[in-house]
Amino acid sequence: QVQLVESGGGLVQPGGSLRLSCAASGFTFSFYAMSWYRQPTGKERELVASISNGGRSTNYADSVKGRFTISRENAKNTLYLQMSSLKSEDTAVYYCYGRNSWGRGTQVTVSS
């Protein structure tokens, strides 16, 4: 079955960086566009970034443009989110999404 497993979350100070990974299995990863979403505590889940199946096209939420980079390695069935210049408002559970499936999420906390 389809599995998406996120990793790389943690506690980071404001201005710091983190790289999230999403390991995909159970489907042909290179056929599907993929996305990262996030959900702050008590708020709705929101789209952070998307990438086309081949990786040539990307889209970002205005709030993360210029700070986050989505990428993928189809040979490794892995999706990434490089996050830089992190702010407290980036604190959330980050989810990988693709092929109509969600991962379980990884917590990112930005705090001094």
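Here the structure is a predicted model, which is why all the values come from computation and not from measurement.
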Step-by-step side-chain contact (heavy atoms from CB on, under 4.5 Å) determination, Thr91 to Gln107: CA-CA 8 Å; Thr91 295; Gln107 175 71 47; 4.0 Å; yes
Salt bridge (Lys or Arg N to Asp or Glu O under 4.0 Å) assessment of Lys65 paired with Asp62: CA-CA 5 Å; Lys65 279 181 183 176; Asp62 286 344; 3.2 Å; yes
Derivation and outcome, side-chain contact (heavy atoms from CB on, under 4.5 Å), residues Leu47 and Ser35: CA-CA 7 Å; Leu47 177 64; Ser35 299; 3.8 Å; yes
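With hydrophobic clusters built from ILVMFWY side chains whose heavy atoms lie under 4.5 angstrom apart, Tyr32 shares a cluster with Ile70.
With hydrogens and angles ignored, the 3.5 Å screen pairs no side-chain donor or acceptor of Glu6 with any backbone N or O of Thr106. A donor-acceptor contact shorter than 3.5 Å is absent between the side chain of Thr58 and the backbone of Ile51. Remark: side-chain polar atoms of Glu73 are not paired, donor with acceptor, to backbone N or O of Asn77 under 3.5 angstrom. Ser101 places a side-chain N or O within donor-acceptor distance of the main-chain N or O of Arg99, the cut-off being under 3.5 Å. Of the possible donor and acceptor atoms, one in the side chain of Asn74 sits under 3.5 Å from a partner among the backbone N and O of Asn53. Side chain of Trp102 to main chain of Leu4: no donor-acceptor pair is present (N/O by atom type, distance under 3.5 Å, no hydrogens or angles). Distance alone, capped at 3.5 Å, is enough to place a donor-acceptor pair between the Arg72 side chain and the Phe29 backbone.
Once rounded to the nearest 0.5 Å, the distance linking SG of Cys22 with CD of Gln3 reads 10.5 Å. With rounding to the nearest 0.5 Å, the separation of OH in Tyr97 from OG in Ser50 is 10.0 Å. The distance from atom CZ of Arg19 to atom CE of Met83, rounded to the nearest 0.5 Å, is 11.5 Å. In this structure, the separation between CZ on Phe68 and OG on Ser84 is 8.0 Å, given to the nearest 0.5 Å. The CE atom of Met34 sits 12.0 Å away from atom OG of Ser52, with the distance rounded to the nearest 0.5 Å.
Minimum interatomic distance between Gln82 and Ser17 (heavy atoms only, all atoms of both residues): NE2-CB, 4.0 Å. Taking every heavy atom of both residues into account, Ser112 and Pro14 meet most closely at N-CD, 3.7 Å. The two residues Thr78 and Lys76 make their nearest non-hydrogen contact at OG1-O, 2.8 Å. Gly103 and Tyr95 get closest at one heavy-atom pair: O-CD2, 3.5 Å. Of all non-hydrogen atoms in Gly8 and Leu18, the two that sit nearest each other are O-CD2, 3.7 Å. Shortest non-hydrogen contact noted between Tyr60 and Ala49 is CD2-CB, 3.6 Å.
Shown here is Glu44, whose CD atom has no more than 12 heavy atoms of other residues, nucleotides or ligands within 6.0 Å.
Taking the side chain as every heavy atom from C-beta outward, Arg38 and Glu46 approach each other to under 4.5 Å.
Just one of Leu81, Leu20, Leu11 meets the side-chain contact (heavy atoms from CB on, under 4.5 Å) condition when paired with Val108; it is Leu20.
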